[in-house]
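See below for the structure under consideration.
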Amino acid sequence: MSEERLRIEKPKTEAGGLPSVFTALQHIQQEAGWITGTRSLLQVNQFDGFDCPGCAWPDPDQKRSAFEFCENGAKAVAEEATDALCDEVFFRAHAISEMAKWSDYEIGKSGRIARPMFRAADSDHYVPVSWADALAHIGSKIRSLPSPHEAVFYTSGRTSNEAAFLYQLFVRRLGTNNLPDCSNMCHESSGVALTETLGIGKGTVTLDDFGKAELIVIMGQNPGTNHPRMLTALQDAKKQGARVISINPLPEAGLISFRHPQHLVDLLGKPTAIADLWLPVRINEDVALLKALLKMLLAREEQTPGAVLDHDFIATKTDGFQSLVADLKTYALPDLIAKSGVPTAKVEIAAQWLAETKRIIVCWAMGLTQHLNAVDNIREIINLLLLKGSIGKPGAGTCPVRGHSNVQGDRTMGIYEKPKADFLDSLQKNFQFEPPRAAGYDTVESIAAMAAGRVKVFVAMGGNFLSAAPDTDFTGRALANCELTVQISTKLNRSHLITGREAFILPCLGRTEKDEQAGGAQFVTVENSAGVVHRSQGHKRVASAHLWSEPKIVAGLAKATFRGTDGMDWDFLISDYDHIRSAIEKTIPGFENYNVRVRQPGGFYLPNAAREGVFHTGTRTARFTVNALAQHMLLDDELLLMTIRSHDQFNTTIYGLDDRYRGIRGGRRVVFMNEKDVVRFGFREGERVNLQSNYDGVTRIAEDFVVVPYPIPPQNLATYFPEANALVPHNHFARESQTPISKSVVVRVVRAVSR
Ligand SMILES: Nc1nc2c(c(=O)[nH]1)N[C@H]1C(S)=C(S)[C@@H](COP(=O)(O)OP(=O)(O)OC[C@H]3O[C@@H](n4cnc5c(=O)[nH]c(N)nc54)[C@H](O)[C@@H]3O)O[C@H]1N2
Ligand SMILES: Nc1nc2c(c(=O)[nH]1)N[C@H]1C(S)=C(S)[C@@H](COP(=O)(O)OP(=O)(O)OC[C@H]3O[C@@H](n4cnc5c(=O)[nH]c(N)nc54)[C@H](O)[C@@H]3O)O[C@H]1N2
Ligand SMILES: [Mo]
């Protein structure tokens, strides 16, 4: 992509406001036209409408306004509701090798995929294929594999509960747990740490808790861009007197101040300041910072015994406190603070606020989960909350802010390569088959297995595996090494262009569209970040008559694979999704009376023991843990790179080329660098550079980035995902959760030779 139009402006200090309104309307108008677009927008997050395909931020339980969406939700809706169509004429006109040269932005603008398409071996074109032929071909290929473990079934987190449940049932009936998902690259580290320490892999807070909290800490998360509706919750919390601390290498406009784009008073008056305190931590030094804060809390407790820690909670509900105290004694406070990079005075204010409050919420996202020691990051947060007794009471708790709108629900439905025995027992009992017990491949293991030829068939329920996964070239070769790749998708992306020897695109309905099955119009259900299960129903006319719903596609795959030998009535299940929900109800605890409760406005909460102060861990108590500091031995010319999202993208879907809040216009190949490093390396603003990483003797290069001096800690860099994924080694990932190290890649920056 040419970066000739790139403009660098001053970063903004305010999110929302009129520019949000204008941008939202512009995307809607350009993609879907005024009438369809506006009609769709008015159904977002309404009780009888569809769940926003953007993020997983919860909706208010009771009162909803007519406008329960944000600027970026509007972009997500516009992206799907586009009237551009990627049909057989399009595929005839464009060879696959030609499209592979387009930018992600250009690929995404091709429109909605209109019908099933097939790429034959050695062909450079997709051609139309009927559903019957496509499914028969895929089914026979899967059947012919010597072992079911030679197939991998990926899921992205937009898939509904109904589709996800059927998908895992199909895959396990086939005989494998090869069910990697986007969560492996996302909040896996949170799930692992939370399960170990609190006995549940999900967060504990509800939207209501924000109004009751005294202190909200936001770590490694950029809500102004990625969860804009969270700013409303923060604004309300602040009106109730809560303080907000942001812990982030970047100042992030949305955490500085906010004008609610739908409140006239806000648009005309003063914006609400969001973070009362910003701790500019160095990339991946959160453990050092948290340890410093823990030490300061213990010191304050010694000065005023009983005033800082919740001894009662520690004594009755936790274990491991003494080991934590002993470990903290081995560190010198000044060393920890120096390592964190945060000025001492700021750390002291944070410690004081933590000391004097009792109802604390900690929110976090990808800034903590995508590092070698990501699980440690989250365990250290738990240490903090446990010291304060800030778990299992109103206005306090954990808030891992989820990404995809149903990523949490997909896990609840069993999309997981390491399913629990209870879940498999339940499948066995209800569906009369012997489910596979051995763990399957997660995302990074799937890549390695495809590269090594151990996996021959790759099926993706949504997502864009190639661009989302680390190590783009390696992952591309791994996919190309497969005999067959199958993508179930709404829109064209790079994973359709780097394929196995043969490839299919199976086009599906999106969230916004009407879903008619034999039993009439259907709705699906999803689970948000707060564990609320609710319905989602699109009302828009389908983009093409050839589209199938995701549940119908899964049923089609299962029927074509088993050809009746599995004794399952897949047609019955999909004729009315109530039947799928009844099957879920029988299999998974917490879904009692599913079909009735999910029809109530706003749905229902799933049980969450940790929220009630009950911890299903090995010891039946919440667990303090001892974690080591991050170790980065950077050479003088090495820097630590985080790959982050711009304001104009949803993961690998690029809505536009601006990152308005950070002052970037008209381009994406930028690298944010501390002013001192710019000078130290002799670069200038706007200069073109290449980024290089080197792991285990393998050099990876991403070319042609523009240097942008920026308020980021020294020796730290930021650039956008997915452009920089080529630098992320596929075989370096978080210990315990195997999440790629996308937020701490060691790189060198070298001047690009002018062209
Ligand atoms: N509009 C929009 N919404 C989205 C998405 C999208 O792409 N676009 N993606 C969705 C998905 S799947 C997800 S997972 C979420 C992602 O939501 P976020 O996690 O907010 O996304 P990132 O842009 O990856 O931002 C990471 C933040 O962490 C900070 N950070 C990076 N490294 C560190 C570190 O070492 N320590 C600390 N303390 N901070 C660090 C970065 O400066 C940045 O502010 O958003 C979801 N919502
Ligand atoms: N370097 C780096 N890499 C990262 C990250 C990072 O921060 N840095 N973040 C990671 C994270 S948090 C995540 S969650 C992953 C995201 O990984 P994925 O979930 O695999 O990627 P997405 O870009 O969200 O997928 C977009 C595609 O989904 C399809 N799609 C959209 N809606 C639907 C639908 O309703 N049904 C179906 N079947 N398909 C649909 C469209 O074809 C679209 O092109 O990326 C990860 N990769
Ligand atoms: Mo994510």
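Side chains are part of it too, since the values below use all heavy atoms of this structure and drop only hydrogens, waters and symmetry mates. In listed order, ligands and their atoms are each counted from 1. From a predicted model like this one, the values you see are computed outputs, not experimental measurements.
Nearest residue to atom 17 (O) of ligand 1 from Ile644, Ile247, Asn226 is Asn226 (criterion: closest heavy atom). Among Val728, Asn725, Thr512, the residue whose heavy atom lies closest to atom 3 (N) of ligand 2 is Asn725. Considering only non-hydrogen atoms, atom 15 (C) of ligand 1 lies nearest to His227 out of Met230, Met366, His227. Taking all heavy atoms of Phe721, Phe650, Phe465 into account, the minimum distance to atom 4 (C) of ligand 2 is reached by Phe721. Closest heavy-atom approach to atom 10 (C) of ligand 2 within the set His404, Met185, Arg112: this belongs to Met185. Evaluated by nearest non-hydrogen atom to atom 29 (C) of ligand 2, the leading choice among Ala468, Gly463, Ser467 is Gly463. Of the candidates Thr653, Thr739, Thr472, the one placing a heavy atom closest to atom 26 (C) of ligand 2 is Thr653. With Gly220, Pro713, Gly403 as candidates, the residue nearest to atom 46 (C) of ligand 1 on a non-hydrogen basis is Gly403. Among Arg645, Glu71, His371, Met219, the residue whose heavy atom sits closest to atom 23 (O) of ligand 1 is Arg645. The nearest non-hydrogen atom to atom 41 (C) of ligand 2, considering only Thr490, Leu641, Ile107, comes from Thr490.
A salt bridge is defined here as a Lys NZ or Arg NE, NH1 or NH2 lying under 4.0 Å from an Asp or Glu carboxylate O, and Glu188 with Arg411 meets this definition. Here Arg511 does not pair with Glu80 in a salt bridge; the nearest charged N to carboxylate O distance is not below 4.0 Å. Checked for salt-bridge contact, Arg229 and Asp59 meet the test: a charged N lies under 4.0 Å from a carboxylate O. No salt bridge links Lys75 with Glu79; every basic N to acidic carboxylate O contact stays at or beyond 4.0 Å. Salt-bridge annotation for Glu162 and Lys552: absent, with no side-chain N of the basic residue lying under 4.0 Å from a carboxylate O of the acidic one. One finds a salt bridge joining Arg700 and Asp471 here, because a Lys/Arg side-chain nitrogen approaches an Asp/Glu carboxylate oxygen to under 4.0 Å.
For ligand 1, the atoms closer than 4.0 angstrom to any heavy atom of Asn248 are 29 (C), 41 (C), 42 (O), 43 (C), 44 (O). For ligand 2, the atoms sitting less than 4.0 Å from at least one non-hydrogen atom of Cys186 are 12 (S), 14 (S), numbered in the order shown with element in parentheses. Against a heavy-atom cut-off of under 4.0 Å, Lys491 is close to the following atoms of ligand 2: 41 (C), 42 (O), 44 (O). Within the listing of ligand 2, atoms 17 (O), 18 (P), 19 (O), 20 (O) sit less than 4.0 angstrom from a heavy atom of Tyr154. Interface of Glu550 with ligand 2, defined as ligand atoms under 4.0 Å from a residue heavy atom, comprises 34 (C), 35 (O), 36 (N), 37 (C), 38 (N). Within the listing of ligand 1, atoms 42 (O), 43 (C), 44 (O) sit less than 4.0 angstrom from a heavy atom of Glu252. Using a 4.0 Å cut-off to heavy atoms of Ser489, the atoms of ligand 2 that qualify are 39 (N), 42 (O).
Ring orientation note: the planes of Phe465 and Phe458 are tilted relative to one another, at an angle of 30° to 60°. Ring pair His647/Tyr661 is tilted by interplanar angle, where 30° to 60° counts as tilted.
The closest approach between a heavy atom of Arg158 and any atom of ligand 2 is below 4.0 Å. Assignment of Lys743 to the shell around ligand 2 is supported, since a heavy atom sits closer than 4.0 Å. Between Gly54 and ligand 1 there is no heavy-atom distance shorter than 4.0 Å.
The heavy-atom pair separating His187 from Gly403 by the smallest distance is CD2-N, 4.5 Å. Nearest heavy atoms, Ser110 versus Ile107: OG-O, 2.7 Å. For Asn406 against Thr159, the heavy-atom pair with the smallest separation is ND2-O, 2.8 Å.
Only backbone heavy atoms of Thr225 (N, CA, C or O) come within less than 4.0 Å of ligand 1; its side chain stays farther off. Residue contacts with ligand 2 for Thr652 involve both N, CA, C or O and side-chain atoms from C-beta outward (heavy atoms, distance under 4.0 Å). By the criterion of a heavy-atom distance under 4.0 Å, the side chain of Asp286, and not its backbone, is placed next to ligand 1. In Asn72, the part holding a heavy atom less than 4.0 Å from any atom of ligand 1 is the side chain. Only the side chain of Cys508 comes within 4.0 Å of ligand 2, counting heavy atoms alone; its backbone N, CA, C and O stay farther away. At a heavy-atom cutoff of 4.0 Å, ligand 2 is contacted by the side chain of Gln370 but not by its backbone.
Screening Ile664, Thr719, Leu641, Leu250 against Phe672 for a side-chain contact (heavy atoms from CB on, under 4.5 Å) leaves a single residue, Ile664.
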Arg645 vs Thr225, side chain to side chain donor-acceptor pair (under 3.5 Å): CA-CA, chis, key distance, verdict: CA-CA 8 Å; Arg645 292 156 170 78; Thr225 286; over 6 Å; no

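With ring centers used as reference points, Phe650 lies under 6.0 Å from His404.
Under the 3.5 Å distance criterion, with hydrogens and angles disregarded, no donor-acceptor pair is assigned to the side chains of Arg494 and Thr472.
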